[in-house]
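Working notes, beginning with the structure itself.
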Amino acid sequence: MSQSTTPEVSRRAFLRLGAAAGVGLAAGCAGPTGSPAPGSMVLALNRSLVSLDNKLNQFEAAVTVQRGVRQALTRIGPDLATQPVLAERFELTAPTEWTVRLRAGARYSDGSPVTAKDVRTALEMYQEVNGSFIASFFPEWPEVVEDDERTFRLRTGRPLPVLDYLMANILITPSAANRPQELQNGLGSGPYTVTASDRGTGVYTLQANPAYWGTRPSVRTVHVRFIQEESSRVVALRSGEIDVIDTISPDSAEQLRGLPDVELTSAVGTRINQLFFNFRKPAGHPLADARVRRALTFAVDGRTLAEDVLQGTVIAAEGVVSGILAGAVKTGQYVYDPAMATRLLQEAGIRPGDLNLKIIWESGEFPSDALLMEGVQQMLERVGVRSTLRQFEPGGDISKWRQGRAGDWDLLGNGFSVPTGLAYSALQGMYGGTAEKEKTRDTYHGYVQPAVVALLERAAQEVDAQARLAIVAEAQRAVWETWPCLWAFVPRSLLAHRRRVRGLALEPTNSYDLAALRLDG
């Protein structure tokens, strides 16, 4: 099986498809008028920020804003190692126990101290969320045992040697103000406070927190906007109305490259983007057969998609998680061989025209998403597989579709962020589903493979780091053999900002420290 060196779908054909789909400026998506006021800056996100909490969803650009308001005990740093935030001490003191000491002076914006009770309540609230993104990373929830006002222990029934990484994603809120729902406002301990918010439009105003326990940010006001159309965001950046835009396409980068007042920043990320199969298909359905899923992978010309559509801004996946993650291993490659696809489908009893796949995705899941999906549709047609495309607008009900609560589908254009920086966490979040979790739709698109779960359970409890990595590698190879994706790739995150914004360091998590920014003028 060899990779084709002759692309069958040209970039021009993809651009024609994009034009036919109505690519361009959308009415009603204009950015704020005029330049930002002195001491203030404007961020324009490609997806609506529905909350300043992360219990349910956590797309990368949201992390930048959420952590400006709320903080965790630890954070994942640029080197993907843990760093202390609200905790000055976070130490494994027994196989099933971590001792945590809160930082002296850590306070919320109203001056009240951060307490162990707040940590306990936060953990309880995250557990009550149905379909929680963050909850999927925890094989077990720790119990909080208070020792004094600033010291407590996190106890688990079994060893959980990566708990310091996991707790980096539990944002702490005062106990009395916390709820199982995602929080749009309220108190936080971060460098900014929320002075205005509109969940419906994704508009927020943040002001520097005068009571912040750490170094106060130099940018006094941050305005957050949601501008769905990328072309509108690019125009607003060029005109000076917007200071930062995230997750831009190669075409937009080309328009901005070389402009004297604009700077581009990129980083290979922890995220993996996938065309993921629906694992909720009943026995007897073609997609319930791993042979069929594998056969379909040969229909996709990943080289053309990566080079001509995404213009080299992605890395073709050679495993089931991003290769940058600690513990990631190469498990195989997606090979383009349409003749092989046709032969394997025939061997599985699938004739041309038998399959009509429904492909769904949400706008903004990755750059050039519609263009890529139209290319995949063409490629599938070449092996006798029809498909229909359905694109969801941000803030819509695609989450219910993902959980199998709104309608049936076959392939999902999806991205999975890994805010811990660990391959183990990626595997636990995507592939750690059980029959019990599926009852509440808390699995990753119905993926339930007991053999994989058994390996992940062994890895979760292994205290020896090298032995744990060996088990994690074995789990990755086991997942690859189930053929969960039609195709997958790791994006090089691409962000653009005006040069008046200084100190912006894009991290592998596709986020940055809001409080570290400075402004020229």
Side-chain angles (χ1 to χ4, degrees), residues 46-47 57-63 76 80 133-134 136-137 165 169 246-247 266-279 293 297 300 302-303 305-306 309-310 312-335 359-362 364-369 372-373 376 398 402 411-433 443-447 449 452 456 472-473 475-494 506-511:
N46 73 324
R47 297 172 69 181
N57 296 299
Q58 185 168 297
F59 72 92
E60 292 96 327
V63 174
I76 305 302
L80 299 182
F133 169 73
I134 297 299
S136 66
F137 293 112
Y165 285 85
N169 298 285
D246 68 284
T247 318
S266 67
V268 176
T270 62
R271 179 183 181 88
I272 189 166
N273 287 334
Q274 311 150 320
L275 300 179
F276 206 92
F277 287 110
N278 187 349
F279 275 78
R293 297 195 298 269
T297 67
V300 177
R303 179 178 297 180
L305 295 176
V309 180
L310 300 173
T313 62
V314 305
I315 300 170
E318 295 183 325
V320 296
V321 300
S322 169
I324 198 174
L325 297 174
V329 297
K330 294 181 179 180
T331 55
Q333 294 180 317
Y334 290 95
V335 177
I359 305 175
I360 67 172
W361 77 98
E362 183 179 77
E365 191 69 47
F366 41 81
S368 304
D369 46 19
L372 187 144
M373 294 303 190
V376 170
I398 194 171
R402 289 188 181 116
L411 281 162
L412 171 67
N414 197 49
F416 192 87
S417 305
V418 189
T420 66
L422 300 173
Y424 162 76
S425 293
L427 295 168
Q428 178 64 36
M430 288 186 285
Y431 303 109
T443 66
Y444 194 67
H445 317 314
Y447 189 95
Q449 301 288 325
V452 173
L456 294 179
V472 169
Q476 290 171 74
R477 288 188 285 268
V479 169
W480 179 264
E481 292 302 317
T482 66
W483 298 98
C485 305
L486 180 71
W487 187 58
F489 59 92
V490 176
R492 291 186 175 94
S493 304
L494 191 58
L506 187 62
E507 299 178 2
T509 52
N510 196 17
S511 62

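Everything quoted here is computed from the prediction, not taken from an experiment.
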Where do Ala426 and Val321 come nearest, in terms of heavy atoms and distance?
CB-CG1, 3.5 Å
In terms of heavy-atom contacts, Gly433 and Thr443 come closest through CA-CG2, 3.9 Å
Heavy-atom pair of closest approach, residues Trp483 and Phe279:
O-CZ, 4.3 Å
How far does CG of Leu275 sit from CG of Leu411, to the nearest 0.5 angstrom?
6.5 Å
Between Thr509 and Val63, is a side chain to side chain contact (heavy atoms under 4.5 Å, CB included) present by the stated rule, with each step listed?
CA-CA 9 Å; Thr509 52; Val63 174; 5.8 Å; no
Value rounded to 0.5 Å, distance of CZ in Arg402 from CD in Glu362:
6.0 Å
Non-hydrogen side-chain atoms of Pro484 and Phe276 separated by less than 4.5 Å:
yes
Would you say Thr270 and Ile324 make side-chain contact, with heavy atoms under 4.5 Å?
yes
In this structure, CG of Leu506 is separated from CZ of Arg492 (nearest 0.5 Å) by 13.5 Å
Side chain to side chain contact (heavy atoms under 4.5 Å, CB included) between Val376 and Trp487, worked out:
CA-CA 10 Å; Val376 170; Trp487 187 58; 5.8 Å; no
Taking all non-hydrogen atoms of both residues into account, name the closest pair between Ala267 and Glu507 and its distance.
CB-O, 4.2 Å
Taking Gln274 for the side chain and Cys485 for the main chain, is one N or O donor matched with an acceptor at less than 3.5 Å?
no
Check whether any side-chain heavy atom of Leu325 lies under 4.5 Å from a side-chain heavy atom of Val418, and answer yes or no.
yes
Rounded to the nearest 0.5 Å, how far does CD of Gln476 lie from OH of Tyr431?
10.0 Å
Is the closest side-chain donor-acceptor distance between Thr331 and Arg477 under 3.5 Å?
no
Would you give the length of the straight line joining atom CD1 of Ile272 to atom CD1 of Ile315, rounded to the nearest 0.5 angstrom?
11.0 Å
Between Thr247 and Gly364, is there a donor-acceptor pair closer than 3.5 Å when you use the side chain of the first and the backbone of the second?
no
With sequence neighbours left out, the residues meeting side-chain hydrogen bond (donor to acceptor under 3.5 Å, both in side chains) with Asp369 are none
Step-by-step side chain to side chain contact (heavy atoms under 4.5 Å, CB included) determination, Leu412 to Ile398:
CA-CA 10 Å; Leu412 171 67; Ile398 194 171; 4.1 Å; yes
Apply the ring-ring contact (aromatic ring centres under 6.0 Å, His included) test between Phe137 and each candidate in Tyr165, Phe416, Tyr424; give the one that qualifies.
Phe416
Would you please test Met430 and Val479 for side chain to side chain contact (heavy atoms under 4.5 Å, CB included) and show each step?
CA-CA 10 Å; Met430 288 186 285; Val479 169; over 6 Å; no
Please confirm whether the backbone N or O of Ala316 pairs with a side-chain atom of Arg303, one donor and one acceptor, at under 3.5 Å?
no
Can you find a pair of side-chain heavy atoms, one from Phe366 and one from Val314, that are under 4.5 Å apart?
no
Using modelled atom types and a 3.5 Å cut-off, is there a donor and acceptor pairing between side-chain atoms of Arg293 and backbone atoms of Thr482?
yes
Taking the side chain as every heavy atom from C-beta outward, state whether Phe489 and Leu372 have any pair of such atoms under 4.5 Å apart.
yes
Minimum heavy-atom separation for Ala328 to Ser322, with atom names?
CB-O, 3.4 Å
Before we go on, tell me: are the rings of Tyr334 and Trp480 under 6.0 Å apart, centre to centre?
yes
Minimum-distance pair of heavy atoms, taken over all atoms of Leu456 and Gly432
CD1-CA, 3.8 Å
